Amino acid sequence: MLPFLAAALTFVMRRHARAQRIISITTLSVVLALEALMLAWVWNHGASAVLLGGWAPPWGIAMVVDEFSALMLVVSSVVSLIVLIYATSQGTTDGDADGPVSVFFPAYLILVAGVSNAFLAGDLFNLYVGFEILLTASYVLLTLGGSPERIRAGTTYVVVSVLSSLLFLIAIAMIYGATGTVNLADLALKLGELPQGTQTVLHLMLLTAFGIKAAVFPLSFWLPDSYPTAPAPVTAVFAGLLTKVGVYAMVRTETLLFPANDLDNLLMWVALLTMIVGILGAVAQSDIKRMLSFTLTSHIGFMVFGLALNSQLGLSATIFYVAHHIVVQTSLFLVVGLIERRAGSSNLDSLGSLAKLAPVLALLYFIPAMNLAGIPPFSGFLGKLGLLEAGVADGGWLAWVLVAASMVTSLLTLLAVARVWNRGFWRRAEDAEQADPMLLAAANEGVTVRTYEAVADFPESRYSDRGDVKVLPPVMVWCTGALVAVGLALTVFAGPLFSFSDRAAQNLRERTPYIESVLGGHHEIAPERRGEAK
């Protein structure tokens with residue numbers, strides 16, 4: 001509720017930029033603190049539910065938090081808060097054609113509210129509402145500035161999102177017609193009573209709708225052309241959060257509604273193709289934003305892989321990897337925003353000497369890039385190692401194929417990010433095919449980037465001349481560094497996080513804690529419906 005109220009207040013204060021920033025940052029800080037307390041509560045007391053309006057389930061709206069949703073809430077709020085501070089530090093003011101304050105802050109807060117609602121939704125229709133809230137806000141954020149490129153990309157994004165939402169709504173209607181309920185806990189008990197054919201149809205419809213939102217192959221064609229056109233902070237929060245809401249919905253569907261299903265092999269094939277096609281697209285790109293968009297799609301395949309294994313180890317590794325990927329992928333897109341501001345472009349043909357001109361920026365890119373590629377001892381390596389162990393433990397030939405594909409994808413990811421390092425940071429600016437004159441002059445003069453004047457423009461680059469020094473916005477650098485540090489913290493505290501993920505996976509597969517938190521009492525679940533390990 002806090003982001004909704006703050007969105008209304010920031011809209012009322014649309015002529016007061018400073019007030020909007022203070023309201024937005026304060027609200028998300030309070031939200032993050034409350035969610036941290038909720039995470040601690042769930043760890044000590046287990047899943048909990050609130051029935052809005054006092055209506056008993058399955059008729060009332062249930063908001064449910066368990067270990068998985070609590071972790072997603074905290075990670076998403078950390079990322080949202082840092083990205084918001086990053087965006088405000090660019091000096092966004094009224095009249096800025098790229099990011100009018102009167103639109104940006106309310107839309108951003110509504111996006112956060114929609115994401116939170118989706119993670120807490122205890123029924124399918126409220127989950128649908130959460131998706132629509134965040135998607136409606138994303139339409140506004142994606143087209144900030146109204147440039148032809150953004151409108152064209154936004155049109156594709158809107159059409160695909162509406163189609164996936166329509167499919168989801170049809171699936172909800174069919175499920176309600178078959179069971180008389182949309183409450184997730186109630187459906188966990190009733191869907192197993194339906195004929196197997198009916199279950200399969202409903203299952204496929206939900207997976208297709210969520211697969212579009214998660215950008216799994218072949219439903220991911222829209223993402224690489226949509227995300228790179230948005231302002232850098234918007235692209236960062238989209239890459240970090242929006243596809244993960246789709247992954248979250250897939251995990252809920254597989255563990256709570258259809259724990260004993262015959263679609264695991266299909267999901268494995270989807271994971272395999274998502275990994276390979278996505279990373280092949282990444283290595284073919286010359287623009288860093290598009291390269292990262294393809295790696296985003298590719299690494300969704302790792303999460304689907306762990307889910308498809310239908311084991312506690314695979315699910316635990318998936319939960320860990322989702323948290324890791326939200327932080328690392330967002331970090332890299334924030335770095336690209338800094339590259340654009342320093343060099344005027346994110347195209348590798350125009351870049352060079354950035355390690356010399358901006359050593360801090362080079363470090364901020366190198367750490368999350370190696371993390372994304374899965375280089376030891378970073379959290380990306382630990383998450384992938386957990387997925388590989390789960391695949392080996394499965395023992396099936398298709399699982400072994402996915403283990404091999406995961407290793408190939410990791411190597412190609414390293415190739416893609418190393419190519420950016422070699423061409424953008426390491427080589428000389430004069431060797432670039434289309435070197436920017438200002439960047440070339442700075443490289444030849446040995447100018448070091450130290451600070452940057454905040455300017456009212458994101459994402460295009462503007463330069464601030466202070467003698468012979470060209471600088472990066474300090475707050476933007478600090479925000480990026482803070483998120484990179486969060487990624488490193490996931491490595492340092494990987495042990496406790498894996499323990500938490502194990503517990504979350506166990507409760508997801510048992511289902512009883514979730515069901516009892518909503519319906520109360522003890523509900524007998526048939527053994528074949530409990531989703532226990534193979």
Side-chain angles (χ1 to χ4, degrees), residues 6 10 13 16-33 76-96 98-101 104-105 107-109 111-112 141 144 230-241 327-344 346 354 357-368 447-466 469-489:
T10 53
M13 304 292 290
H16 303 278
R18 182 178 178 82
Q20 283 193 316
R21 293 171 185 149
I22 292 173
I23 292 168
S24 301
I25 293 173
T26 302
T27 299
L28 290 191
S29 299
V30 173
V31 167
L32 175 58
S76 66
S77 289
V78 168
V79 168
S80 300
L81 177 59
I82 292 176
V83 172
L84 178 63
I85 299 173
Y86 178 100
T88 58
S89 69
Q90 296 183 82
T92 324
T93 58
D94 287 331
D96 174 16
D98 247 343
V101 171
F104 174 76
F105 286 100
Y108 191 89
L109 289 167
L111 177 77
V112 172
L141 295 171
L144 284 177
V234 174
T235 303
V237 78
F238 278 21
L241 295 184
V327 174
V328 172
Q329 194 78 45
T330 306
S331 302
L332 285 169
F333 273 103
L334 292 185
V335 171
V336 175
L338 295 177
I339 292 174
E340 285 182 324
R341 296 182 72 86
R342 178 60 188 94
S346 61
L354 286 178
L357 297 174
V360 173
L361 180 58
L363 182 64
L364 291 178
Y365 171 79
F366 184 81
I367 293 174
V447 175
T448 300
V449 177
R450 283 186 262 172
T451 180
Y452 213 19
E453 183 181 68
V455 293
D457 190 333
F458 66 84
E460 280 74 35
S461 171
R462 289 187 184 177
Y463 295 91
S464 171
D465 293 306
R466 297 177 182 172
V469 178
K470 305 196 182 307
V471 290
L472 289 169
V475 177
M476 293 175 68
V477 174
W478 296 338
C479 288
T480 307
L483 200 53
V484 171
V486 173
L488 291 176

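Below, all heavy atoms of this structure are taken into account, side chains as well, without hydrogens, waters or symmetry copies. None of the values given here were measured: they were computed from a predicted structure.
Atom OG1 in Thr10 sits 12.5 Å away from atom NE2 in His16 (nearest 0.5 Å). Taking CD1 of Ile339 as the start and OH of Tyr365 as the end, the distance is 7.5 Å to the nearest 0.5 Å. Atom OG in Ser76 sits 10.0 Å away from atom CG in Leu28 (nearest 0.5 Å).
Considering only heavy atoms from C-beta on, Ile82 comes within 4.5 Å of Val78 through its side chain. Contact of the Thr330 side chain with the Val237 side chain is not registered, since no non-hydrogen atoms from C-beta on lie closer than 4.5 Å. With a 4.5 Å cut-off on side-chain heavy atoms, Phe366 and Val484 do not count as touching. Side-chain atoms of Thr27 and Phe105, non-hydrogen and from C-beta on, never get closer than 4.5 Å to each other. Contact annotation: the side chain of Phe333 never approaches that of Val83 to less than 4.5 Å [non-hydrogen atoms, C-beta and beyond]. In this structure, Ser29 and Leu81 have side chains that are in contact, with non-hydrogen atoms separated by less than 4.5 Å.
Of all non-hydrogen atoms in Leu483 and Val327, the two that sit nearest each other are O-CG1, 3.5 Å. Between Leu109 and Ser24, the shortest heavy-atom contact is CD1-OG, 3.7 Å. When all heavy atoms of Tyr108 and Leu84 are compared, the pair lying nearest together is OH-N, 3.6 Å. Summarising the geometry of Thr88 relative to Ile85, their closest heavy-atom pair is OG1-O, 2.9 Å, with the distance given to 0.1 Å. The minimum heavy-atom distance between Gly337 and Ala232, with the atom names listed, is CA-CB, 3.6 Å. Nearest heavy atom pair, residue Ala236 against residue Leu334, reads CB-CD2, 3.6 Å.
Residues that satisfy the side-chain contact (heavy atoms from CB on, under 4.5 Å) test with Leu488, not counting sequence neighbours, are Ile367, Phe378. With sequence neighbours excluded, no residue forms a side chain to side chain donor-acceptor pair (under 3.5 Å) with Ser80.
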